[in-house]
Amino acid sequence: MFLKGKSAIVTGSTSGIGLAYAKALAAEGASVVINGFGVAAAIETERAALEATAGATALYDSADMSKPDQIAAMVARTEEELGSVDIVISNAGIQHVAPIDEFPIEKWDAIIAINLSSTFHLMRAAIPLMKARGWGRIITTASAHSLVASPNKSAYVAAKHGIAGLTKTAALEVATHGITVNCISPGYVWTPLVENQIPDTMKTRNLTRDQVINDVLLDAQPTKQFVQPEQVAALALFLCRDEAAQITGANYSMDGGWTAA
Ligand code: NAD
């Protein structure tokens, strides 16, 4: 339990990869703040399970990642109620699939706010607290789309390329403070975010569900398998270790070979 006594915030952790991060951190004894949308009873069940696993506190915070004041308040609440903010995993994300000339302006704005700007606001609030203790781990969930593009995902690709640049910048700024900042860039991970974009892709490309899964999603992934959320979480856990203290400003691909092509 190498994270006993540490506190972590994981945004977008009511589902998918975020929930896997929270479970991995709790399994190593960290107090965890989970965040995101969903059914209250289901979130409470996950929160209680995390607390039981960690033997430490687990909190739920409903901060909307498109609202800078709510992000700052979540960080302040964590410091106050858990005593420190040691690990921040910026993970909340949404997707919308459409060509640029048909892309709804409000979807562009929401994706940039939630997938990119929220990470800036989290860093801005958490870095002074980490600097004060001389230790911190900031991890961002980017994507293979931080390195390569796909058609019809303009806002997502722009936001994820932005995350990669923001992560490198933050790493340089805090390098002498015992704080590391790294990206994890998964390929297709089997989560609700991927499942939910299948109908749009079927419509925009005029394909069946099986064609979208095999010929579009897994077409890019040479291993022909989805990444599992627990595999992403295992890498994040390693980045929290003292052995990873010299890994900073890196962008780790976990994409079944997608970006090697
Ligand atoms: P998911 O849809 O399962 O989970 C997204 C989480 O973000 C949920 O908890 C949701 O409630 C939360 N969320 C959405 N809008 C929010 C907001 N405004 N404020 C707070 N929380 C909000 O998705 P996932 O697949 O687990 O994706 C997690 C991250 O991983 C995203 O940043 C995504 O871009 C990235 N990613 C996913 C894949 C994949 O294939 N699933 C691949 C690469 C990167």
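Counting convention: from 1, in listed order, for ligands and their atoms alike.
The heavy atom nearest to atom 3 (O) of ligand 1, considering only Ser15, Ser13, Ala92, Ser66, is found in Ser15. Across the listed options Leu19, Val194, Thr141, Asn91, Asn91 owns the non-hydrogen atom lying nearest to atom 32 (O) of ligand 1.
Regarding atom 21 (N) of ligand 1, its nearest protein heavy-atom neighbour is Gly36 CA, 3.5 Å. Looking only at heavy atoms of the protein, atom 24 (P) of ligand 1 is closest to Thr191 OG1, 3.4 Å. Considering only non-hydrogen protein atoms, atom 27 (O) of ligand 1 sits nearest to Leu193 CD1, 4.0 Å. In terms of protein heavy-atom proximity, atom 42 (C) of ligand 1 is closest to Gly187 O, 2.9 Å. Taking atom 43 (C) of ligand 1 as the reference point, the nearest protein heavy-atom neighbour is Pro186 O, 3.3 Å. Ranking protein heavy atoms by distance to atom 40 (O) of ligand 1, first place goes to Val189 N, 2.6 Å. The protein non-hydrogen atom at the shortest distance from atom 6 (C) of ligand 1 is Gly12 O, 3.4 Å. For atom 34 (O) of ligand 1, the closest non-hydrogen atom of the protein is Tyr156 OH, 2.5 Å.
Contacts of Gln95 with ligand 1, taken as heavy-atom pairs under 4.0 Å, are absent altogether. With a 4.0 Å cut-off on non-hydrogen atoms, Asp64 touches ligand 1 through its backbone as well as its side chain. Neither the backbone nor the side chain of Ala144 comes within contact range of ligand 1; no heavy atom lies under 4.0 Å.
Note on ligand 1: Phe226 sits outside its first shell, no heavy atom being nearer than 4.0 Å. The closest approach between any non-hydrogen atom of His145 and ligand 1 is not below 4.0 Å. Taking 4.0 Å as the cut-off, Ile94 counts as a neighbour of ligand 1 on heavy-atom distance. Assignment of Ser118 to the shell around ligand 1 is not supported, since no heavy atom sits closer than 4.0 Å. Using a 4.0 Å heavy-atom cutoff, Pro229 is absent from the residues neighbouring ligand 1. Distances from ligand 1 to the non-hydrogen atoms of Ala20 include no value under 4.0 Å.
Between the Gln70 side chain and the Asp64 main chain, a donor and an acceptor come within less than 3.5 Å of each other. Arg137 contributes no side-chain N or O that, together with a main-chain N or O of Ala236, makes up a donor-acceptor pair within less than 3.5 Å. Using modelled atom types, no side-chain atom of Asp255 and backbone atom of Ala144 make a donor-acceptor pair closer than 3.5 Å. Looking only at distances, a side-chain donor or acceptor of Ser185 sits under 3.5 Å from a matching main-chain atom of Ser143.
Taking a cut-off of under 4.0 Å to the non-hydrogen atoms of Asn35, the atoms of ligand 1 that pass are 20 (C), 21 (N). Taking a cut-off of under 4.0 Å to the non-hydrogen atoms of Pro192, the atoms of ligand 1 that pass are 3 (O). For ligand 1 and Tyr188, the ligand atoms under 4.0 Å from any heavy atom of the residue are 40 (O). Taking every non-hydrogen atom of Met65 and a distance limit under 4.0 Å, the qualifying atoms of ligand 1 come out as 17 (C), 18 (N), 19 (N), 20 (C). When each atom of ligand 1 is checked for a heavy atom of Ile114 under 4.0 Å away, the hits are 18 (N). Against a heavy-atom cut-off of under 4.0 Å, Ala63 is close to the following atoms of ligand 1: 19 (N), 20 (C). Of all atoms in ligand 1, numbered sequentially from 1 with element shown, those under 4.0 Å from a heavy atom of Gly93 are 5 (C), 7 (O), 31 (C), 32 (O). Proximity to Gly16 (heavy-atom distance under 4.0 Å) selects the following atoms of ligand 1: 3 (O), 26 (O).
Here's the thing with Thr14: one of its N/O atoms is less than 3.5 angstrom from an N/O atom of ligand 1. Below 3.5 Å of separation, one finds an N or O of Ile17 facing an N or O of ligand 1. Among the atoms of Asn115, none of the N or O lies under 3.5 angstrom from an N or O of ligand 1. When only interatomic distances are considered, the shortest N/O to N/O separation between Phe37 and ligand 1 falls below 3.5 Å.
In this structure, the separation between CD1 on Ile111 and OG on Ser117 is 12.0 Å, given to the nearest 0.5 Å. In this structure, CG in Leu50 is found 11.0 Å from OG1 in Thr45, a value given to the nearest 0.5 Å. The distance from the CG atom of Asp61 to the CD1 atom of Ile43 is 11.0 Å, given to the nearest 0.5 Å. Atom CH2 of Trp135 and atom CD1 of Ile87 lie 4.5 Å apart (nearest 0.5 Å). We find the OG1-CG distance between Thr191 and Leu19 to be 11.5 Å, quoted to the nearest 0.5 Å.
Heavy-atom neighbours of Asn206 CG from other residues, nucleotides or ligands within 6.0 Å: at or below the threshold of 12. Other residues, nucleotides and ligands contribute more than 12 heavy atoms inside 6.0 Å of the NZ atom of Lys4.
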message = The test is salt bridge (Lys or Arg N to Asp or Glu O under 4.0 Å); show your working for Arg77 and Glu80 and say whether it passes.
response = CA-CA 5 Å; Arg77 174 192 175 199; Glu80 199 178 303; over 6 Å; no
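The aromatic rings of Tyr188 and Trp258 lie parallel to each other, their planes meeting at an angle below 30°, with 60° marking the opposite boundary.
A donor-acceptor pair shorter than 3.5 Å can be found between the side chains of Thr141 and Tyr21. Counting only N and O atoms by type, the side chains of Asn91 and Ser13 include no donor and acceptor under 3.5 Å apart. Checked by atom type, the side-chain pair Thr119/Ser90 shows a donor-acceptor distance below 3.5 Å.
A ring-centre distance under 6.0 Å is found for Phe103 and His96.
With respect to Arg133 and Glu79, a salt bridge is recorded, a charged nitrogen being found less than 4.0 Å from a carboxylate O.
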